[in-house]
Amino acid sequence: MRRIAKGPNKNAPTQTENKTNRINIILARIRRFQYLELSLLILILYLLPFYVLGEEAHVLVHDCLDSEMVWIKILSESGQIFGSLDSTIPNIMSGLPRNCLGSEFNILLVLYSFFDPYTAYVINLSFIHFVAFTGMYLLLNHHILCGDECELTRAGVALCFALLPFAPSFGLTVASLPIVLYSFLNIRSGISRASDWTIILLIPFYSSLARCYVFFLFAMIMILAYDIARLKRINLRFPLAIASMTLIFLVVEYRLLYDTFLNDDYISHRVEFYPIYVAHNIFEVIDLAAYNFIYGQEHVPSLHWYFISLSIAIAFFALLREVIHHQDLVALKENIILIRVMLVIGVISLFYGFWYWEEIVPLRQQIDLLSSFNFTRFHWLHPMLWYIAFALSLNIIIKYIKYGKQIISILLILQIGFLFSYHSPVVQSGGFGQVFDDGLSYREFFSEDLFQNIADHIGKPQSDYRVICLGFHPSIAQYNGFYTLDSYQSNYPLEYKHEFRQIIEKELDKNDEMRIYFDNWGSRCYVFVDDIYGMGYLIDKNDNICIQNIDLNTKALNHMNASYILSSVEIYNSKSKNLNLLDIFENDASPWRLWLYEMG
C-alpha cells in the first residue's frame with residue numbers, strides 16, 4: 001500500500017522558535033535561582049550577628065533565658081534525661097518532678113548534650129529559620145503558586161516567613177508548619193514521597209503538641225471531614241498520616257499525658273489558672289478579637305500589620321474592581337482561597353476573644369483541663385496563614401493591577417526591611433534588630449565569673465544549700481549551678497505553689513495587682529516584693545533601686561531550707577529581718593551588683 005507523504009505542519013514550531021523557547025526556559029530557571037540565592041543570602045545575613053558576636057549577641061530573655069533554655073541545660077546535665085516517672089530535678093524548687101521538664105525524645109536535648117549552651121542555641125536558631133524558608137517555599141511552589149511567573153512571590157514570601165522572630169525554645173513548633181502542611185497535602189493528593197512521611201514522623205521530636213500541633217492536627221481532621229462530606233472521596237493514606245503523627249506525638253509526650261490523665265498524685269499549679277484579663281461584654285470580646293486579628297500574639301508574632309495587611313487590602317480592591325467594573329466573576333472564583341484563608345484567620349481571632357468572655361470563664365473553671373490548657377492557641381497557626389494570604393494577595397496584584405510586579409517588589413522589600421530590623425523585648429531579634437536591641441548580651445545576662453565568685457565565697461557544694469533571688473531571674477542563678485527555691489516554670493506541683501506562697505504572703509497582701517498575678521497564674525514562682533514590683537526582673541547596678549521594707553515569712557523560708565538570698569537590690573531593713581549581709585559582689589564585665597544575705 002502506497003504511503004501518502006504528509007505536507008509540512010504549519011503549526012509546528014520552527015527551529016528558531018524551539019531555540020527561543022529553550023532560551024526562555026533557561027532564563028526562567030536562572031531567574032528562579034537568582035531569587036532563591038538572594039533570599040538565602042539575606043537569611044544568612046540575618047543570622048550572621050549570632051556567629052560574629054558570639055556570646056556578646058543579644059539573646060531573647062522572655063520565655064527563653066529566663067526559663068526554657070535553662071531548663072534544657074539543667075536537664076541535659078542532670079543525669080535524669082531518662083529518669084523514672086517519679087524522679088526529681090533537685091536544682092529547681094527543692095526537687096521539681098522530672099516530668100515537668102518535658103520529654104527526653106527532644107532534639108533540643110541532643111543539641112544541649114553535645115554542645116555548650118550558646119552554640120546549641122545558635123545551631124537551633126539557624127535550623128529553625130532555614131526550615132521555615134524551605135517549608136514555605138515548597139508549600140507555595142507545589143500547592144498554592146505553581147507557575148514560573150510566581151517565582152518572585154514564592155521566594156520573597158518564603159524569605160519573609162523565615163525572617164519572623166520565632167521563639168527558639170519552642171523548636172520547630174511554628175517554623176515547621178508550612179513544610180508539614182506541604183507533606184500532608186502531598187499525601188492527600190496521592191503524590192507523596194518517602195520524604196513526606198519522614199517529615200511527618202520526625203517533626204514530633206522537635207516540636208510541641210500542646211502548644212501548637214494539637215490544633216494543626218485538628219485542622220487536618222477538618223480537611224479530612226471535608227473530603228468525606230463534600231468530595232465523597234478519601235485517600236486512605238491521608239488519615240493514616242494524621243493518625244501516625246498523632247501517635248508519635250503521644251509517645252513523645254508520654255510524661256505530660258501520664259501526669260495529666262493517669263497520675264492521681266500530681267496536681268499542676270495550672271488548675272488554678274484564671275484569666276488576668278476578662279472581657280466583660282460582647283464589645284470587649286470583639287475588641288480583644290480585633291486586637292488579635294490586627295496585631296497577633298506576642299509568643300507567635302506574624303508582624304503582618306503594616307505591609308501584609310496593605311497587600312491584602314490592595315488585592316481585595318483589585319478583585320472588587322474586576323467584579324464591579326468588568327463583571328468578572330471568574331476572577332473572584334479563581335481567588336476564593338484568599339477569602340477562605342482570611343475567614344479562617346478571622347474565626348481563630350473570634351474564638352480567642354470569646355474564650356475570655358466572662359460568660360465563658362466560669363464554665364471553663366469547672367473543668368480542670370479547660371482551665372489549665374490554653375485552647376486559644378489555634379492562633380499559633382496565624383503566622384503560616386498570614387503569609388499564605390500574603391502570597392495569594394501578591395499574586396492577585398500581579399494579575400489585575402498595572403505595574404503589578406513593580407508594586408509587589410516594593411511591598412516585599414518593605415516587609416523584608418521591617419522584619420530584618422524588627423526588635424522587641426519579647427522576641428528574638430536578628431539582622432539590624434541586633435543593632436537596635438539595647439538589652440543585655442548573653443554573656444552579661446549570665447555573668448558566670450561573678451556568680452562563680454559568689455559560689456567560691458560561700459565555699460560549700462551548691463547542692464548542700466538553697467537560695468532565693470531578688471531583682472533578677474532565678475534562671476541566672478540556676479544556670480550558674482545554684483539550687484533555687486524560686487523559678488519560672490510552666491508546670492509544677494500546686495502543693496509547692498501553696499507552700500511557696502507562705503513566704504511572700506505578707507508582701508502579696510500589700511499589692512492587689514501582685515497578688516492576682518501570683519494567685520491567678522503563678523508560673524513565675526518568684527519572691528515578689530511590693531517595693532520593687534513592676535520594675536521587672538533585670539534590676540542592674542545602674543538602676544539605684546533599693547527595698548525599704550521587706551516582709552518575708554522567715555519561718556516558711558527556714559522550713560523550705562533556704563540558706564541565702566541573692567539580691568540585685570539592697571535590703572535596708574535586712575538586720576531587723578534577721579538577714580546577715582555577707583558581702584557585695586560586682587565586676588566591670590557584669591551589669592549586676594549582688595548583695596549576698598545569709599538567713600539568720
Side-chain angles (χ1 to χ4, degrees), residues 61-71 73-74 89-96 440 444-448 450-455 457-458 462-463 465-489 492 496-497 499-504 507-508 514 517-518 522-541 543 545-547 550-554 556-558 560-571 574 577 579-586 590-599:
V61 172
H62 180 67
D63 284 351
C64 186
L65 297 190
D66 66 354
S67 51
E68 304 240 7
M69 185 256 205
V70 177
W71 306 344
K73 174 186 181 292
I74 289 174
I89 307 297
N91 312 55
I92 304 171
M93 294 178 158
S94 293
L96 182 73
L440 301 180
E444 289 174 328
F445 184 83
F446 288 119
S447 295
E448 294 180 61
L450 182 69
F451 280 87
Q452 185 60 55
N453 290 340
I454 296 173
H457 183 86
I458 293 173
Q462 289 172 306
S463 58
Y465 58 90
R466 301 293 181 267
V467 305
I468 60 172
C469 304
L470 282 174
F472 66 98
H473 294 289
S475 65
I476 301 174
Q478 292 167 359
Y479 181 96
N480 285 289
F482 289 91
Y483 288 52
T484 70
L485 297 179
D486 44 352
S487 191
Y488 177 14
Q489 300 297 142
Y492 67 94
Y496 188 88
K497 177 186 175 183
E499 186 179 9
F500 189 88
R501 192 188 191 282
Q502 296 176 30
I503 297 173
I504 57 174
E507 288 293 333
L508 295 181
M514 189 165 70
Y517 181 72
F518 182 82
S523 289
R524 288 196 190 277
C525 192
Y526 285 12
V527 181
F528 292 113
V529 177
D530 182 49
D531 282 0
I532 58 172
Y533 183 71
M535 298 177 185
Y537 315 108
L538 295 172
I539 301 175
D540 63 29
K541 60 188 176 185
D543 288 326
I545 295 171
C546 66
I547 295 175
I550 195 169
D551 197 359
L552 301 180
N553 186 334
T554 53
L557 279 168
N558 289 328
M560 297 180 73
N561 298 316
S563 300
Y564 301 97
I565 295 177
L566 297 175
S567 179
S568 64
V569 291
E570 185 177 3
I571 303 172
S574 58
K577 295 301 177 180
L579 302 176
N580 303 317
L581 177 63
L582 297 183
D583 209 338
I584 303 172
F585 298 85
E586 62 180 313
S590 172
W592 311 114
R593 178 185 296 121
L594 296 178
W595 283 259
L596 175 63
Y597 296 95
E598 185 176 26
M599 300 294 301

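Of all heavy-atom pairs between L485 and Y496, the closest is O-OH, 2.6 Å. Closest approach of Y492 to G522, counting heavy atoms only: OH-O, 2.7 Å. Closest approach of L450 and S590 over heavy atoms only: CD2-OG, 3.4 Å. For I539 against V569, the heavy-atom pair with the smallest separation is CG2-CG1, 3.6 Å.
A search for salt bridge (Lys or Arg N to Asp or Glu O under 4.0 Å) contacts involving E507 returns K510, not counting sequence neighbours. F446 meets the ring-ring contact (aromatic ring centres under 6.0 Å, His included) test with Y442, Y479; sequence neighbours excluded. Judged as a side-chain contact (heavy atoms from CB on, under 4.5 Å), and not counting sequence neighbours, the contacts of N453 are F585. Annotation: salt bridge (Lys or Arg N to Asp or Glu O under 4.0 Å) contacts of D551 (sequence neighbours excluded): K577. With sequence neighbours excluded, no residue satisfies salt bridge (Lys or Arg N to Asp or Glu O under 4.0 Å) with D530. Taking N558 as the reference, M599 meet the side-chain contact (heavy atoms from CB on, under 4.5 Å) condition, with sequence neighbours excluded. For S487, the side chain to side chain donor-acceptor pair (under 3.5 Å) criterion is met by Q478, Q489, not counting sequence neighbours. Scanning for side chain to side chain donor-acceptor pair (under 3.5 Å) contacts around Y597 gives an empty result, with sequence neighbours left out. Residues meeting the side chain to side chain donor-acceptor pair (under 3.5 Å) test with R466, sequence neighbours left out: none. When the side-chain contact (heavy atoms from CB on, under 4.5 Å) test is applied to S563, the partners found at least two apart in sequence or on another chain are Y465. With sequence neighbours excluded, the residues satisfying side chain to side chain donor-acceptor pair (under 3.5 Å) with Y488 are D63. By the side-chain contact (heavy atoms from CB on, under 4.5 Å) test, N91 is found to be paired with I74, I89, Y483, residues two or more places apart in sequence or in another chain being considered.
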- Message: Using side-chain contact (heavy atoms from CB on, under 4.5 Å), reason through I545 and M535 one step at a time and then give a plain yes or no.
- Response: CA-CA 9 Å; I545 295 171; M535 298 177 185; 3.4 Å; yes

- Message: Determine whether V61 and H473 satisfy the following criterion, side-chain contact (heavy atoms from CB on, under 4.5 Å), listing intermediate values before the conclusion.
- Response: CA-CA 10 Å; V61 172; H473 294 289; 3.8 Å; yes

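Contact annotation: the side chain of I565 never approaches that of W595 to less than 4.5 Å [non-hydrogen atoms, C-beta and beyond]. Taking 4.5 Å as the limit, every side-chain heavy atom of S567 sits out of range of all side-chain heavy atoms of C469. Side-chain contact between R524 and Y517 is present, with heavy atoms from C-beta onward closer than 4.5 Å. The shortest distance between side-chain heavy atoms of L566 and L596 falls below 4.5 Å. Put simply, the side chain of E448 reaches to within 4.5 Å of the side chain of N480, judged on heavy atoms. At a threshold of 4.5 Å between non-hydrogen side-chain atoms, the residues W592 and K541 do not count as touching. Within the 4.5 Å cutoff, side-chain heavy atoms of L470 are placed close to those of V529.
Taking CD1 of I532 as the reference point, atom CG of D543 lies at 10.5 Å (rounded to 0.5 Å). Distance CZ/F500 to SG/C525: 4.5 Å, rounded to 0.5 Å.
Test L582, L594, V467 against I454 for side chain to side chain contact (heavy atoms under 4.5 Å, CB included) and you get one pass: L594. For the side chain to side chain contact (heavy atoms under 4.5 Å, CB included) with D486, the lone residue among I503, I468, I504, I92 that qualifies is I468.
Between Y526 and Y537, the ring planes lie perpendicular to each other; the angle is over 60°, past the 30° to 60° tilted range.
S475 places no side-chain N or O within 3.5 Å of a backbone atom of V70 that could act as its donor or acceptor partner.
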